[in-house]
Number of protein chains: 2
Amino acid sequence: MGNSNLYKGSLTTIILKLLEEHHKMYGYEITQKVKELTKGELKITEGALYPSLHKLEAEGLLDVEVTKVDNRLRKYYKLTEQGTKETVNKLSELQEYIKTMQALVNPKFVVK
Amino acid sequence: MGNSNLYKGSLTTIILKLLEEHHKMYGYEITQKVKELTKGELKITEGALYPSLHKLEAEGLLDVEVTKVDNRLRKYYKLTEQGTKETVNKLSELQEYIKTMQALVNPKFVVK
DNA sequence: TCTTATGCATAAGAGATTTATGTATATATT
DNA sequence: AATATATACATAAATCTCTTATGCATAAGA
């Protein structure tokens with residue numbers, strides 16, 4: 001993924017959130033959407049993305065639907081019910097993480 | 001470190017920032033300070049902390065000063081000049097990370 | 001006396017990502 | 001027509017960071 005290695009550990013959160021918002025996306029589309037939303041700041045690599053999608057599917061958080069467009073393969077992923085719940089968890093963990101880091105880095109903030 | 005694996009990659013930032021603020025700290029003190037500042041939310045493990053301190057020292061970002069207090073060893077670390085510069089970098093990377101994640105997770109935010 | 005706190009350290013394993021490949025079709029460029 | 005770029009998937013080896021499990025040693029509290 002990106003430059004700074006702070007991004008390690010946030011790929012799952014990103015994938016789930018994008019799928020929550022767009023209902024149905026395929027791998028390549030996710031890489032492009034992230035690049036677009038972050039103005040090129042963050043580039044998800046295929047080597048990280050595809051194994052991650054497979055894992056989320058294996059865990060029952062995502063469903064797949066294979067289609068063919070212009071004679072090229074596409075695998076559309078969407079959240080399962082369980083995936084929707086896990087998305088909520090991941091997002092609150094992210095908020096918690098940000099709050100905690102603010103407490104450490106900016107002593108004006110206090111964790112409650 | 002902590003529970004959620006979002007914290008991967010942020011240990012260095014945490015160490016550097018605490019040293020910037022306190023000028024001089026030893027390992028155990030860092031673990032306690034983090035626990036205190038985050039109300040127990042984040043616990044730095046020794047297995048992560050000590051190798052990280054050694055690495056930062058090897059890279060020239062930290063200086064060490066060994067002392068003995070109550071017959072027990074203490075290794076005080078402080079930022080080198082280079083370490084001070086790197087702290088600024090790490091902190092801005094953290095802000096950048098947070099901003100980018102907001103853009104992904106909360107579409108109202110836009111990365112500029 | 002036994003447990004907890006203080007204080008350091010390292011090694012094995014796990015987990016996530018990077019880097020390097022590989023395959024294949026469609027489109028744009030020279 | 002040939003070549004490069006974009007689209008679209010995939011995996012394997014290496015790397016990096018952290019967790020878990022140890023180990024050693026002194027001080028203080030129950």
Side-chain angles (χ1 to χ4, degrees), chain A residues 1-16 24-36 40 42-59 61-62 64-77 90 93-94 97 100-101, chain B residues 1-16 24-36 40 42-59 61-62 64-77 90 93-94 97 100-101:
Chain A
M1 297 173 60
N3 29 347
S4 147
N5 63 3
L6 289 170
Y7 291 96
K8 286 188 188 203
S10 36
L11 178 56
T12 298
T13 306
I14 293 171
I15 293 172
L16 293 178
K24 185 175 153 190
M25 294 181 90
Y26 55 100
Y28 186 77
E29 187 184 10
I30 292 175
T31 67
Q32 300 308 301
K33 181 59 81 179
V34 168
K35 215 191 292 179
E36 175 202 328
L42 182 57
K43 282 167 193 164
I44 292 180
T45 60
E46 299 151 301
L49 179 64
Y50 291 117
S52 187
L53 287 171
H54 300 161
K55 195 187 167 214
L56 290 171
E57 187 199 346
E59 290 170 350
L61 304 185
L62 301 184
V64 195
E65 179 197 329
V66 182
T67 66
K68 209 156 197 178
V69 178
D70 285 331
N71 213 38
R72 264 195 258 96
L73 200 69
R74 270 189 198 174
K75 286 190 167 184
Y76 278 97
Y77 290 91
K90 290 288 182 195
E93 275 181 23
L94 177 62
Y97 167 79
T100 299
M101 289 302 287
Chain B
M1 298 176 58
N3 27 351
S4 145
N5 65 2
L6 287 170
Y7 291 96
K8 281 194 188 194
S10 35
L11 178 56
T12 298
T13 305
I14 292 171
I15 293 172
L16 293 177
K24 185 175 150 188
M25 295 180 91
Y26 56 100
Y28 186 77
E29 188 184 10
I30 292 175
T31 66
Q32 299 308 301
K33 181 58 82 179
V34 169
K35 217 191 291 181
E36 175 202 329
L42 183 56
K43 283 167 190 160
I44 292 181
T45 61
E46 299 150 301
L49 178 64
Y50 292 117
S52 188
L53 286 171
H54 301 161
K55 194 187 168 212
L56 290 170
E57 188 198 347
E59 290 170 349
L61 303 185
L62 301 184
V64 194
E65 179 197 328
V66 182
T67 67
K68 209 157 196 177
V69 178
D70 286 330
N71 213 37
R72 264 196 257 94
L73 200 70
R74 270 190 199 171
K75 287 191 165 183
Y76 278 97
Y77 290 90
K90 289 288 181 195
E93 274 181 22
L94 177 61
Y97 166 78
T100 299
M101 288 303 286

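Here is how names work: the chains are called A, B, and so on, in the same order as the sequence lines, proteins then strands, and each is numbered from 1.
- In this structure, dT26(D) forms a base pair with dA5(C), meeting either the Watson-Crick or the G-U wobble geometry with both donor-acceptor distances under 3.5 Å.
- OP1 and OP2 of dA25(D) both lie 4.0 Å or more from every side-chain N or O belonging to Asn71(B).
- Atom pair Asp70(A):CG and dA6(D):C1' shows a separation of 12 Å (rounding to whole Å applied).
- If you check every strand for non-hydrogen atoms under 4.0 Å, Gly47(B) touches a base.
- At a threshold of 4.5 Å between non-hydrogen side-chain atoms, the residues Thr31(A) and Thr45(A) do not count as touching.
- The phosphate of dC8(C) (OP1 or OP2) has a side-chain N or O of Tyr50(B) nearer than 4.0 angstrom.
- Distance from the side chain of Lys8(A) is smallest for dC16(D) among the nucleotides dC8(C), dC16(D), dA8(D).
- When rounded to the nearest whole Å, the span between CD of Glu36(A) and C1' of dT7(D) equals 16 Å.
- Rounded to an integer number of Å, the gap from NZ of Lys43(A) to P of dT7(D) is 14 Å.
- For Ala48(A), taking side-chain heavy atoms from C-beta onward, the closest of the listed nucleotides dT17(C), dC8(C), dC9(D) is dT17(C).
- By the 4.5 Å heavy-atom criterion applied to side chains, Tyr77(B) and Tyr26(B) are not counted as neighbours.
- Tyr26(B) has a side-chain polar atom (N or O) that falls below the 4.0 Å cut-off from OP1 or OP2 of dG7(C).
- The nearest whole Å value for the distance from the CD1 atom in Ile44(A) to the P atom in dT17(C) is 9 Å.
- Distance Leu49(A) CG to dC9(D) P: 8 Å, rounded to the nearest Å.
- Comment: Glu29(B) does not engage Lys33(B) in a salt bridge, judged by the lack of any side-chain N to carboxylate O separation of less than 4.0 angstrom.
- Between His54(B) and Gln32(B), it is Gln32(B) whose nearest contact on DNA chain C lies nearer the 5' terminus.
- Residue contacts shown for Lys68(A) are absent, as no nucleic acid heavy atom lies under 4.0 Å away.
- Residue-level contact check: Gly9(B) touches the backbone only, with heavy atoms under 4.0 Å from sugar-phosphate atoms and none from bases.
- Listed pair Asn5(B) / dA16(C) meets the phosphate criterion, a side-chain N or O lying under 4.0 Å from OP1 or OP2.
- If you run side chain to side chain contact (heavy atoms under 4.5 Å, CB included) between Leu53(B) and each of Val64(B), Ile15(B), Leu61(B), Leu11(B), only Ile15(B) comes through.
- Counting to the nearest Å, the C1' atom of dT6(C) and the NZ atom of Lys35(B) are 11 Å from each other.
- Tyr7(A) and Thr100(B) share a side-chain donor-acceptor pair at under 3.5 Å.
- Following rounding to the nearest Å, Ile30(B) (CD1) and dA9(C) (P) show an atom-to-atom distance of 11 Å.
- The nearest whole Å value for the distance from the CD atom in Glu46(B) to the C1' atom in dT22(D) is 11 Å.
- Within 4.0 Å of Arg72(B), counting heavy atoms only, lies at least one base atom of the nucleic acid.
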